[in-house]
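Residue numbers begin at 1 in each chain, while the letters A, B, ... track the order of the sequences. Nothing here was measured: the structure is a model prediction, and the numbers come from that model. FYI, side chains are in, hydrogens and waters are out, and symmetry mates aren't considered; it's all heavy atoms of this structure.
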2 protein chains.
Amino acid sequence: MPRTGGEERRSTLVEEAIRQFGREGYAGASLDDIARAVGVRKQTLLYYFSSKDALLEACLHAAGIRLAEVIAQALEGKEGYWERAEAVIHAVFGLASEWPEFPMFVREAGRLGPLAFERFADVLDPLRRRAVEFLQSGMDDGQVRKQDPAMLLFTLYTAVVGSLTEASVLNAVVGADKSRASLRRREREVVAFVRAALEPVPDR
Amino acid sequence: MPRTGGEERRSTLVEEAIRQFGREGYAGASLDDIARAVGVRKQTLLYYFSSKDALLEACLHAAGIRLAEVIAQALEGKEGYWERAEAVIHAVFGLASEWPEFPMFVREAGRLGPLAFERFADVLDPLRRRAVEFLQSGMDDGQVRKQDPAMLLFTLYTAVVGSLTEASVLNAVVGADKSRASLRRREREVVAFVRAALEPVPDR
DNA sequence: ATCGCTCTCTACCGTTCGGTAGACAACCCC
DNA sequence: GGGGTTGTCTACCGAACGGTAGAGAGCGAT
């Protein structure tokens, strides 16, 4: 009975679905649970999204847009190579800090196959191209070690996402807690790792 | 009717379960499908493993043992720092090449929470300790850039596993195929990345 | 020959899941 | 104030799932 109105309910459902798809996986999350967490019946959810698959697509699209916004905003006004690279990493870690299930959902999107992942990645394609050009120009300038820029971007992606999603592994290997401080520490570690991997080798 | 005998059937079921848990996720894989893929009824599977959870535990244990074997064998007779590090990466990539769902299953194990992951990681704990000592001694000798060795191991883990499991991402970012050649290329890329990240910085 | 053990099967149960049908209430417009 | 639209609900369905009960086939030992 308490009517919340169309678009707001829609986006609330998508956000909750991203949380649960990320935490439980697509197959493991149920429409009942997602709806209940929003304070609504499953049939109301199905009023907005005609099927579980349609809900997933909406989540993929929304996640892509959200990440693109966050990264684009982080890049505003940044000029230097390291400034820009670190700003992106910092922005992604910030998003993960306030929305821990977000990187989990992104990883789940990759797991669901190329078709699902494209829905997410399509929105990010302009940024992807900018990143590749950025890395390429860094190599041309001698600020970045020469290598395949696309492959390098992929490796950077896995390092960041892995660091944000493999909490169980982190716990087993390092014995880390889940606090904010631990997340910041991981961010510093990733930045240092990436920086070391990018820097050109002066000798040897 | 065709009796295959106890232990062999048991391990066949575990291998198939690892495949399907890795491909579909724990929640997404069904006992019916796993049993059918082995050519047997679900109730036969439940004769060997009293529940889905018990089957998962057997898979986690078996996966841990398998990976420990593969790594230990790869280390035999290797002496140099890079020789040993690269041998481990090469061994893991080799395992992933002949059993693509294996790294997927490992990642799924991490997703299922610390309790599940411990079942897998417990077997690997001696190797984990050796790796940390190895990295620490490398730092003491000046062959590896100084940093927290446990955290470094975690970052290396995410780089390797990510590179082996994020096929959809790789496809979206690089446009890569799934061929053997592509896998070898990724291995070279990971080795180069890790090596660059490990090397001590001579200046700057 | 038969007893007992190992292994695999058919049959079935209760629950949960994604999805459908349709009643009904609130709101807007005229 | 009646009609259409939008949003939320109750009730229900068929399929799939994890798991139980129990029959029976093959086989080795006595």
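Listed pair A:T44 / D:dG7 fails the phosphate criterion, with no side-chain N or O lying under 4.0 Å from OP1 or OP2. Residue B:Y48 places at least one side-chain N or O closer than 4.0 Å to OP1 or OP2 of C:dT8. An OP1 or OP2 oxygen of D:dG18 is reached within less than 4.0 angstrom by no side-chain nitrogen or oxygen of B:S51. Here B:S30 reaches the OP1 or OP2 of D:dC17: one of its side-chain N or O atoms lies under 4.0 Å away. Here A:Y47 reaches the OP1 or OP2 of D:dG7: one of its side-chain N or O atoms lies under 4.0 Å away.
Both the sub-6.0 Å distance and the 45° axial angle are not jointly satisfied by B:R111 relative to the ring of B:F117. By the 6.0 Å and 45° rule, A:K52 stacks over the aromatic ring of A:Y26.
At least one donor-acceptor pair under 3.5 Å links the side chain of A:D148 to the backbone N or O of A:A150.
Heavy-atom distances to DNA chain C give each of A:Q43 and A:G28 a nearest nucleotide, and the one nearer the 5′ end belongs to A:G28. Between A:S50 and A:D32, the residue anchored closer to the 5' end of DNA chain C is A:D32, taking for each the nucleotide with the nearest heavy atom.
For the pair A:L31 CG and C:dT20 C1', the interatomic distance rounds to 14 Å; values are reported in whole Å. Rounded to an integer number of Å, the gap from A:L45 CG to D:dG7 P is 14 Å.
Salt-bridge formation is detected for the pair A:R66/A:E98: a Lys NZ or Arg NE/NH1/NH2 atom is positioned less than 4.0 Å from an Asp or Glu carboxylate oxygen.
If you check every strand for non-hydrogen atoms under 4.0 Å, B:A29 touches sugar and phosphate atoms only. Base engagement by A:L46 is indicated by at least one non-hydrogen atom pair under 4.0 Å involving a base atom.
For D:dG18, the base has a donor-acceptor partner in the side chain of B:K42 [N/O atoms by modelled type, under 3.5 angstrom].
The side chain of A:R9 has D:dT8 as its nearest neighbour among C:dC7, D:dT10, D:dT8.
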